[in-house]
Every structure is written in C-alpha cells, then in structure tokens.
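As structure tokens, the structure follows; a few thoughts come after it.
Below, each value reflects all heavy atoms present in this structure, side chains not excepted, and no hydrogens, waters or symmetry copies.
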Amino acid sequence: MKNIIICILISAVSFAQQIKTGAENSEKYLPLLKGKTVGIVTNQTGIITKEKHLVDFLVEQKIKIKTIFAPEHGFRGTADAGEKVSDEIDSKTGLSIASLYGKNNKPTPEQLKGIDIMIFDLQDVGTRLYTYVSTMHRIMEACAENNVPLIVLDRPNPNIAIVDGPVLDIAFKSGIGMHPTPLLHGMTLGEEAKMINGEKWLKDGIQCNLTVIPCLNYSRKSSYSLPVRPSPNLPNDQAINLYVSLCLFEGTNVSMGRGTEKQFQIYGSPDLPKSNFAFTPKPNFGDKDPLYNGVECNGEDLSAIPRINRLEIKWLIKAYQTTADKSKFFDKRKFSIRAGNEKLQQQIEAGISEEEIRNSWKEGLTEFKKMRAKYLIYKE
C-alpha cells in the first residue's frame with residue numbers, strides 16, 4: 001500500500017512538471033511561420049527552457065525575424081519601471097530591437113512593413129496593473145490596422161485562481177488599466193487576447209486575425225512558479241502573489257520595498273508608527289532612485305506570510321489609519337488609476353469596513369465572470 005501511495009505521489013509530481021507554455025508547444029506554431037517574415041514581441045520571460053530564449057530557438061529553426069519589439073523593462077528585462085527603453089541591436093543575434101515603451105508604445109505602419117506575421121510572448125502575472133496586457137492591446141490594434149496576423153504564445157498565470165477587486169471604471173482608463181476588468185482577473189494573456197477581440201475593445205471596434213497557442217497540461221487549479229522574474233522588482237513567487245495588493249501603495253506615500261531585496265513583500269514609510277520592523281531603501285537593480293532613498297521606513301514584513309488567495313486591502317487600511325498625517329497619504333490621481341475608481345479612496349477615508357468595501361465589488365465581479373466565461377481556454 002505504501003509503495004502504491006509513493007507511486008501516485010511521484011506520478012502527480014511528474015504530471016505537474018509537464019506543464020508546457022505556448023512557446024514550448026512549437027509544433028502548433030512553427031508550421032505557421034515557415035517561409036514568413038516574422039516580428040516578435042518578447043523580453044527575458046520569452047523562454048523555451050531556462051537555457052534557451054524563444055528568439056534563439058526561432059533563429060535555429062531558420063525562421064526569418066525582422067524585428068524584436070521590446071516592452072517596459074526592455075528586451076533583456078533590466079530597465080527600471082517607467083524608465084525609457086531605447087531602440088537597439090541584440091548583440092547575440094544582430095537583430096533589430098524596437099522599443100514599445102515611451103512615446104512609441106505601438107508599432108508604426110513603417111515598423112510593420114515587410115512583416116508577414118507577428119508573435120507575442122510575454123509572461124504576465126494576472127493583474128490589470130501589469131503593463132504587458134496594455135502592450136498586447138496595442139500590438140493587437142496595430143496588427144488589425146495593418147492586416148498582420150497575430151500569434152499569442154500563452155503562458156500560465158501564477159494568480160489564475162484569483163478573481164477579485166473593483167472592476168475598472170473606464171473613466172480611469174490608462175496604460176496600467178485599459179479594460180473593464182477587476183484588479184485580479186484570473187485569466188492568461190491568451191484568454192485576455194480573445195476577450196479584447198471578442199468584446200471589440202480595440203479602437204473603433206476593429207478585430208485582429210488572432211491565433212492563441214495554448215499551454216499544455218494546464219488548468220485553473222495548476223500552480224506555477226515562474227522560471228524567470230517577469231520584471232526587475234518581482235524577484236520571487238511571494239512578490240508575484242502580493243504584487244497587486246501592495247501595488248495600491250504606489251498611489252500613496254508608502255513604499256512597498258523598491259530599493260530593497262524584498263520588493264513587493266514589505267511596506268512602510270517614515271510616517272508610520274515605529275514597530276519591530278523597519279527598512280531603508282537604497283538604489284539597486286530594481287530601482288535606481290527609490291522612494292525614501294536612504295530614509296528609514298517603519299512598516300511590516302510580509303515576506304514569510306502564507307500565500308494569499310484574494311486582493312488584500314487590510315494593509316492599505318491599516319497604513320492609512322496609523323499614518324502621521326492622513327492628508328498626505330493618498331495621491332488622488334495615482335491611486336484612482338490603480339484602483340480603477342475614486343470610490344476605494346473615499347471608502348477608506350470614510351472609515352468604511354473592509355467587509356463593506358468587498359461587498360461593493362460583488363456585482364461588478366459577478367458580471368465580469370459571466371462575460372469572461374466564453375473566452376476561457378483552461379478548465380477548472
């Protein structure tokens with residue numbers, strides 16, 4: 001009996017290891033690329049294995065690549081959040097790299113000239129605040145406008161089981177929230193691409209010629225640890241799980257650990273009361289000029305707490321209630337575009353309970369789940 005149980009456990013582990021990304025599902029997309037001139041939107045997360053990048057794999061397969069389009073953080077993923085990313089040449093392959101971050105956030109007709117088909121391969125983390133979904137939206141729009149077919153190579157969402165938070169009020173549409181989705185939407189980028197197309201969210205309701213290459217052996221109950229950090233300030237699974245809950249602090253005067261080795265796993269500021277935890281941000285790989293550079297911040301260390309399964313707002317509420325000067329806590333514009341509305345700030349300032357705030361999201365979440373159902377690729 002003991003041996004049988006061991007065999008079952010080994011089989012379960014083996015199956016879990018068999019999750020394949022869309023990029024690894026190459027037999028589905030290589031035939032679509034043969035004889036074509038290709039453009040590719042990717043960065044350091046676009047890997048086949050830890051040792052091999054998708055671009056290098058396609059070059060080995062004799063696929064003709066005209067241009068690599070790089071999103072926020074650049075092709076190699078080393079730029080700070082919000083830092084300008086310049087056009088350049090990839091030293092390894094000699095291929096041209098065009099930046100999609102800054103003024104040129106959407107490929108121009110000139111850049112798409114001569115491209116027969118576009119590939120999109122980026123690792124998302126399951127929140128509307130992450131800029132890669134905005135990059136995908138603009139790529140879809142450019143492809144639709146210029147009659148270029150688009151292939152999205154899907155990747156697992158490490159927070160796929162969580163659908164939570166306020167649904168975006170379109171009046172607060174921005175580069176960190178382009179669609180009426182909740183903060184945690186529980187979809188992969190491939191599923192979101194189908195939804196953007198199906199709901200006609202592109203400019204003037206146009207639709208692109210879209211093909212999604214799915215992940216294999218993947219479900220909505222699958223756990224997935226990212227093999228490469230998706231951006232400089234998301235170093236591990238804990239940061240990725242806590243990211244959106246702590247990202248709301250970016251609309252306040254509280255640091256969420258940029259300039260430390262525990263980015264998005266701690267929070268604090270000089271205006272919070274002294275406790276048994278403090279940190280001092282300093283320039284590092286993730287942020288060359290962090291908030292409160294060189295200043296001690298009092299706060300809370302969340303790096304060892306159990307995995308959360310919802311949008312957590314208790315830390316935000318606690319920080320507001322205990323800050324030295326409430327009038328300086330919120331940056332109204334920054335907080336509203338992150339929350340997706342003005343209401344959340346108003347609720348916190350009014351002392352509305354966490355339970356009441358959560359109840360105010362329910363109707364929007366119910367409607368969103370109904371709408372997204374027709375675009376889901378992966379089963380429970």
Side-chain angles (χ1 to χ4, degrees), residues 21-48 53-75 85 87-90 93-102 104-124 131-155 178 188-198 200-204 206-215 377:
T21 65
E24 293 173 287
N25 194 2
S26 57
E27 62 271 20
K28 291 292 185 182
Y29 63 85
L30 282 179
L32 305 176
L33 307 179
K34 295 296 184 182
K36 304 285 179 62
T37 299
V38 175
I40 180 166
V41 184
T42 191
N43 63 4
Q44 81 286 352
T45 66
I47 57 174
I48 298 286
H53 194 279
L54 175 66
V55 168
D56 301 324
F57 172 72
L58 293 177
V59 169
E60 288 176 2
Q61 297 297 313
K62 310 298 183 186
I63 301 300
K64 183 181 178 183
I65 300 173
K66 180 177 184 285
T67 307
I68 300 168
F69 294 92
E72 183 182 12
H73 308 300
F75 177 49
V85 178
D87 294 354
E88 55 187 320
I89 299 294
D90 179 42
T93 62
L95 293 169
S96 171
I97 301 173
S99 169
L100 290 178
Y101 197 73
N104 180 39
N105 59 19
K106 174 179 168 182
T108 64
E110 184 62 30
Q111 287 174 321
L112 292 176
K113 192 173 181 180
I115 291 177
D116 300 315
I117 195 164
M118 183 75 82
I119 298 173
F120 184 96
D121 184 26
L122 294 173
Q123 175 64 62
D124 194 51
T131 59
Y132 295 167
V133 67
S134 300
T135 298
M136 184 174 71
H137 176 109
R138 296 181 182 114
I139 290 294
M140 291 176 69
E141 199 165 84
C143 286
E145 291 169 343
N146 293 276
N147 299 311
V148 177
L150 174 66
I151 297 174
V152 172
L153 303 182
D154 212 6
R155 289 184 178 270
M178 299 187 75
T188 65
L189 281 181
E191 292 172 329
E192 280 200 273
K194 290 178 61 181
M195 185 167 65
I196 291 167
N197 230 20
K200 298 186 177 180
W201 286 341
L202 300 178
K203 186 172 67 177
D204 300 325
I206 57 176
Q207 294 175 298
C208 78
N209 181 350
L210 174 69
T211 300
V212 176
I213 304 298
C215 304
I377 299 170

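- Side chains of Leu150 and Met140 form a contact here, defined as non-hydrogen atoms less than 4.5 Å apart.
- Residues Thr42 and His53 form a side-chain contact, since some pair of their non-hydrogen atoms from C-beta on lies under 4.5 Å apart.
- In terms of heavy atoms, Ala98 sits closest to Thr67 at CB-CG2, 3.9 Å.
- Between Thr211 and Leu32, the closest heavy-atom pair is CG2-CD1, 4.5 Å.
- Side chain of Tyr132 to main chain of Gln123: no donor-acceptor pair is present (N/O by atom type, distance under 3.5 Å, no hydrogens or angles).
- Of the possible polar contacts, none joining the Glu88 side chain to the Ile97 backbone as a donor-acceptor pair under 3.5 Å is found.
- Ile139 has its side chain within reach of Met118: a pair of non-hydrogen atoms, C-beta onward, lies under 4.5 Å apart.
- Counting only heavy atoms from C-beta outward, the side chains of Thr135 and Phe69 never approach each other to under 4.5 Å.
- When Ile151, Leu153, Leu189 are each tested for a side-chain contact (heavy atoms from CB on, under 4.5 Å) with Phe120, only one passes: Leu189.
- We find the CD1-CG distance between Ile68 and Asn43 to be 11.0 Å, quoted to the nearest 0.5 Å.
- Shown here for Lys113 and Lys66, the closest heavy-atom pair between the two residues is O-CE, 3.1 Å.
- Between the side chain of Asn197 and the backbone N or O of Cys208 there is at least one donor-acceptor pair closer than 3.5 Å.
- For the residue pair Ala142 and Pro107, the shortest heavy atom distance occurs at CB-O, 3.8 Å.
- Considering all non-hydrogen atoms of both residues, Gly190 and Ile377 come closest at C-CD1, 4.2 Å.
- Two residues are said to be in side-chain contact when any heavy atoms from C-beta on lie closer than 4.5 Å; Leu95 and Ile40 fail this criterion.
- Between the CG atom in Asp56 and the CG atom in Asp90 there is a gap of 7.5 Å [rounded to 0.5 Å].
- For Thr108 (side chain) and Gln111 (main-chain N/O), a donor-acceptor pair under 3.5 Å exists by modelled atom type.
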Determine, stepwise, if the pair Ile119 / Leu33 fulfils side chain to side chain contact (heavy atoms under 4.5 Å, CB included). CA-CA 9 Å; Ile119 298 173; Leu33 307 179; 3.6 Å; yes
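- In this structure, Glu141 contributes its side chain and Leu202 its backbone to no donor-acceptor pair below 3.5 Å.
- Side-chain contact check for Phe57 versus Leu30: some heavy-atom pair is nearer than 4.5 Å.
- Expressed to the nearest 0.5 Å, how far OH of Tyr29 lies from NZ of Lys34 amounts to 10.5 Å.
- Put simply, NZ on Lys36 and NZ on Lys64 are 13.0 Å apart, with the number rounded to the nearest 0.5 Å.
- Interatomic distance, Thr21 OG1 to Ile213 CD1, rounded to the nearest 0.5 Å: 11.0 Å.
- Judged by distance alone, with hydrogens and angles left aside, the side-chain atoms of Asn209 form no donor-acceptor pair with the main-chain N or O of Asn147 at under 3.5 Å.
- Here the closest non-hydrogen pair linking Ala144 and Ile206 is CB-CD1, 3.7 Å.
- For the pair Thr188/Cys215, no side-chain contact is recorded, criterion being any heavy-atom separation below 4.5 Å from C-beta on.
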Test salt bridge (Lys or Arg N to Asp or Glu O under 4.0 Å) on Asp124 and Arg155 and set out the steps. CA-CA 8 Å; Asp124 194 51; Arg155 289 184 178 270; over 6 Å; no
Is there a side chain to side chain contact (heavy atoms under 4.5 Å, CB included) between Met136 and Ile196 once you walk through the steps? CA-CA 10 Å; Met136 184 174 71; Ile196 291 167; 4.1 Å; yes
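- Taking CD1 of Ile65 as the start and CG of Leu58 as the end, the distance is 5.0 Å to the nearest 0.5 Å.
- With a 4.5 Å cut-off on side-chain heavy atoms, Ser99 and Asn104 do not count as touching.
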Test side chain to side chain contact (heavy atoms under 4.5 Å, CB included) on Ser96 and Ile89 and set out the steps. CA-CA 5 Å; Ser96 171; Ile89 299 294; 4.3 Å; yes
